[in-house]
Amino acid sequence: MSSFTEEQEALVVKSWDSMKKNAGEWGLKLFLKIFEIAPSAKKMFSFLKDSNVPLEQNAKLKTHSKSVLVMTCEAAVQLRKAGKVVVRDSTLQRLGATHFKYGVVDEHFEVTKYALLETIKEATPEIWSVEMKNAWGEAYDQLVSAIKTEMK
């Protein structure tokens, strides 16, 4: 596992602090970006299969997307302190099993990473930088690596 520096941690914490109060809105934007890039990803979510509700108004999608963003960001924020990926309200084993069950592959993680970075950039335009992008990229890569370990 590569090191997550103090500087990277500070950038992640700073951006998450500015996004936290609107985590629901940013989480939904994250998933709308994912579905825009990869429309077929919608099929992976059972609660979207027979729904006629527009994505922006789907209560289950809103709940799911907020919890995913919060979990991702909180895992990133505590990465240095814990020295490894830790997730709250879940376990890496459960995340791995769920992602495996739904057939998540490397391309899905790449689309999500791109969408995550774009969402954070949009949420924090006044503080966004190449360094912040790299910090979030590193944190995300470590989270994905931990999930993939449990998918086998």
Side-chain angles (χ1 to χ4, degrees), residues 1-39 41-42 44-49 51-99 102 104 108-148 150:
M1 181 178 283
S2 61
S3 61
F4 190 62
T5 68
E6 208 171 319
E7 293 77 20
Q8 288 176 313
E9 178 187 48
L11 291 167
V12 166
V13 169
K14 183 178 184 179
S15 52
W16 175 230
D17 283 347
S18 76
M19 294 169 58
K20 214 182 307 194
K21 65 184 177 299
N22 296 319
E25 173 193 335
W26 292 115
L28 184 60
K29 285 187 181 219
L30 167 63
F31 273 81
L32 294 176
K33 278 186 203 310
I34 291 168
F35 298 149
E36 184 183 313
I37 297 164
K42 286 181 219 147
M44 301 179 104
F45 298 90
S46 56
F47 56 81
L48 295 179
K49 280 196 175 91
S51 175
N52 297 326
V53 178
L55 291 173
E56 296 82 5
Q57 294 163 16
N58 186 300
K60 288 182 179 172
L61 178 60
K62 285 181 177 184
T63 301
H64 178 76
S65 58
K66 179 178 181 178
S67 70
V68 168
L69 182 68
V70 169
M71 187 224 29
T72 301
C73 293
E74 287 183 351
V77 163
Q78 60 68 46
L79 190 56
R80 247 184 101 253
K81 184 171 45 194
K84 64 181 195 301
V85 172
V86 178
V87 294
R88 187 179 61 130
D89 297 338
S90 187
T91 64
L92 285 168
Q93 290 86 359
R94 196 170 66 105
L95 286 170
T98 301
H99 285 80
Y102 287 101
V104 175
H108 297 128
F109 286 117
E110 287 304 312
V111 165
T112 302
K113 180 180 182 177
Y114 176 80
L116 177 70
L117 295 174
E118 287 298 304
T119 300
I120 295 167
K121 178 181 177 180
E122 187 183 333
T124 62
E126 67 291 339
I127 58 174
W128 183 253
S129 64
V130 171
E131 294 78 16
M132 186 175 287
K133 177 183 179 183
N134 292 339
W136 275 106
E138 177 64 28
Y140 179 81
D141 289 347
Q142 290 195 31
L143 175 61
V144 166
S145 176
I147 291 171
K148 283 181 180 178
E150 298 300 331

Over 12 foreign heavy atoms within 6.0 Å of [atom1], [X]:
X	atom1	answer
Lys14	NZ	no
Lys33	NZ	yes
Lys148	NZ	yes

Check: [Y] main-chain N/O paired with [X] side-chain donor or acceptor under 3.5 Å:
X	Y	answer
Asn22	Glu25	no
Thr124	Ile127	no
Tyr140	Phe109	yes
Thr112	His108	yes
Gln57	Pro54	no

Interatomic spacing from [atom1] in [X] to [atom2] in [Y] - rounded to 0.5 Å:
X	Y	atom1	atom2	answer
Thr5	Asn134	OG1	CG	10.0 Å
Trp16	Glu9	CH2	CD	15.5 Å
Ile37	Glu110	CD1	CD	11.0 Å
Leu117	Trp128	CG	CH2	5.0 Å
Leu116	Leu69	CG	CG	7.0 Å
Ser65	Phe35	OG	CZ	8.5 Å

Counterpart residues, salt bridge (charged side-chain N to carboxylate O under 4.0 Å, His left out), relative to Lys29 (two or more places apart) =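 Salt bridge (charged side-chain N to carboxylate O under 4.0 Å, His left out) check on Lys29 returns Glu122.
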Looking at side-chain heavy atoms only, is the closest gap between Val130 and Lys133 below 4.5 Å?
->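 With C-beta onward as the side chain, the pair stays apart.
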May I have the step-by-step check of side-chain contact (heavy atoms from CB on, under 4.5 Å) for Lys113 and Asp141, ending in yes or no?
-> CA-CA 8 Å; Lys113 180 180 182 177; Asp141 289 347; 2.9 Å; yes
Carefully, step by step, assess Leu55 and Leu48 under the rule side-chain contact (heavy atoms from CB on, under 4.5 Å).
-> CA-CA 8 Å; Leu55 291 173; Leu48 295 179; 3.8 Å; yes
Anything under 30° is parallel, anything over 60° is perpendicular, the rest tilted; go ahead and classify Phe47 against His64.
->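 Answer is tilted, since the angle falls between 30° and 60°.
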